[in-house]
Amino acid sequence: MPTSDHAPALARPTKDRPAGLRPRSIQTGKGGLDPLERERLVRPYLPPATPTQRPQHPARALLAARFYRLVLATVHLVLEIYLRIRYAYNCVLDRAYSMLYYHHRTPQLIQKDVRHLQRLPRHLSVILDYDHSDRVGGLDTLIDDVAEIACWCASAGIPMLSVYERTGILKDYITASHRAIAQRLHAYFGKERPTLRVRAPHSPAFANGDSPSDSGELEDADVEILFISEEDGRESLVDLTRTLCDMAQRGKISVDDVTQGLIDKGVSGTLMTEPDLLIVFTPMVILKGYPPWQIRLTEIFHSQDNNGVGYQIFLRALYKYAEAEMRLGQ
């Protein structure tokens, strides 16, 4: 029987192609194979189908699922009770410290609180946060916290305070910060307030009288405050590395001369010395990009469930530092 010129003829079965399948050159529909043909092509490559077996003991599986849920709920309940008890304990402890050891802006009371401590840090560092949502009030709160901590350090006899704020906004307000700290020191000490110096890396320092000095050759101050940010740690290491590379290329130093002591002196000269104590006023220890080289041997203190600057946290940190055993990596 003659076939039409437009009707496709079935391809003969070959070794590579089963019978009944048309070659790829013959398209159907909108340019693809029929669903039955696609299924027939894929079927040899599918894994053998395994019949689904129903559980022989459905009651036992149900009881196991209920048991696991009960265990999970019990763990959640115990953890919630523990967190609430810990929060209540820390709140009571902080309240007790704030009532028994409140300074009333009197240096004599602060000196009395730390008089029996065996040692005090020569360099204290703190990590503070800037509230970006409130540009005006957040900056005022930040400067106010710096002024309070500076007065506590001056009263306790701590000569060096470094304030780390991640964005570095305090560097743009060194003059305003110096004025606010000086006024707060006057409120604490009266006319006999200690001398003050506020500075930042690669910026002029401000001493008493709001006088800047580009040379940095100022008389020793009773309280020195340093503002640092996230970029300072990276820049100090980059500058030191560049300087050492230049000196090595000129033949002034050799590879053997680059030791840990040399790096310590270089970093300390460009940025700051290692702080003895670092206080984090957050529930967890989050350094937020703090220069890592400077805190290798630093005692870090934080109080759980605390989220603000307080004198009781400052005093507890000094107590913890006085009782700490410095092994220096041994």
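In what follows, residues are counted from 1 in the order of the sequence shown.
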Check: [Y] main-chain N/O paired with [X] side-chain donor or acceptor under 3.5 Å:
X	Y	result
Arg184	Ile149	no
Asp144	Val146	no
Thr282	Val280	no
Ser125	Ser162	yes
Asn90	Arg86	yes

Revision key, fill the gap. Which of Asp129, Val163, Leu128 passes side-chain contact (heavy atoms from CB on, under 4.5 Å) with Asp145? It is Leu128
Study note, to complete from the structure: Which of Val223, Asp222, Leu185 passes side-chain contact (heavy atoms from CB on, under 4.5 Å) with Arg193? It is Leu185
Point to revise | Between Lys171 and Ser203, a side-chain donor and acceptor under 3.5 Å | key: no
**Study point:** Residues that Arg166 engages under salt bridge (Lys or Arg N to Asp or Glu O under 4.0 Å), provided they are two or more places apart
**Key:** Glu230
Rounded to the nearest 0.5 Å, what separation is found between the [atom1] atom of [X] and the [atom2] atom of [Y]?
X	Y	atom1	atom2	result
Ile225	Ile181	CD1	CD1	3.5 Å
Asn307	Met284	CG	CE	9.5 Å
Ile300	Leu277	CD1	CG	9.5 Å
Glu148	His103	CD	NE2	5.5 Å
Arg66	Leu62	CZ	CG	5.0 Å
Leu278	His302	CG	NE2	11.5 Å

Please give me the minimum heavy-atom distance between [X] and [Y], naming the atom from each residue.
X	Y	result
Val309	Phe281	CA-CD2, 3.7 Å
Ala200	Leu226	CA-CD1, 3.8 Å
Tyr101	Tyr311	O-CE2, 2.7 Å
Ala156	Ile110	N-CG2, 4.1 Å

Under 3.5 Å, side-chain donor or acceptor atoms of residues 313-320 against the rest of the protein: list the pairs with distances, not counting sequence neighbours.
from: Arg316; atom 1: NH1; to: Asp94; atom 2: OD1; distance (Å): 2.6
from: Arg316; atom 1: NH1; to: Ser303; atom 2: OG; distance (Å): 3.4
from: Tyr319; atom 1: OH; to: Asp113; atom 2: O; distance (Å): 3.1

Exercise for review: Please work out whether the ring planes of His178 and Phe206 are parallel, tilted or perpendicular, with thresholds of 30° and 60°.
Suggested key: tilted
Point to revise | Non-neighbouring partners of Thr167 that pass side chain to side chain contact (heavy atoms under 4.5 Å, CB included), sequence neighbours left out | key: Tyr130, His132, Glu165, Ile169
Practice item. Applying side chain to side chain contact (heavy atoms under 4.5 Å, CB included), run through Trp152 and Ile158 and close with a yes or a no. Key: CA-CA 8 Å; Trp152 301 340; Ile158 301 174; over 6 Å; no
Review point. How far apart are the C-alpha atoms of Leu142 and Tyr173, what are their side-chain angles, what is the distance that settles it, and do they pass the side chain to side chain contact (heavy atoms under 4.5 Å, CB included) test?
Key: CA-CA 11 Å; Leu142 182 62; Tyr173 297 91; over 6 Å; no
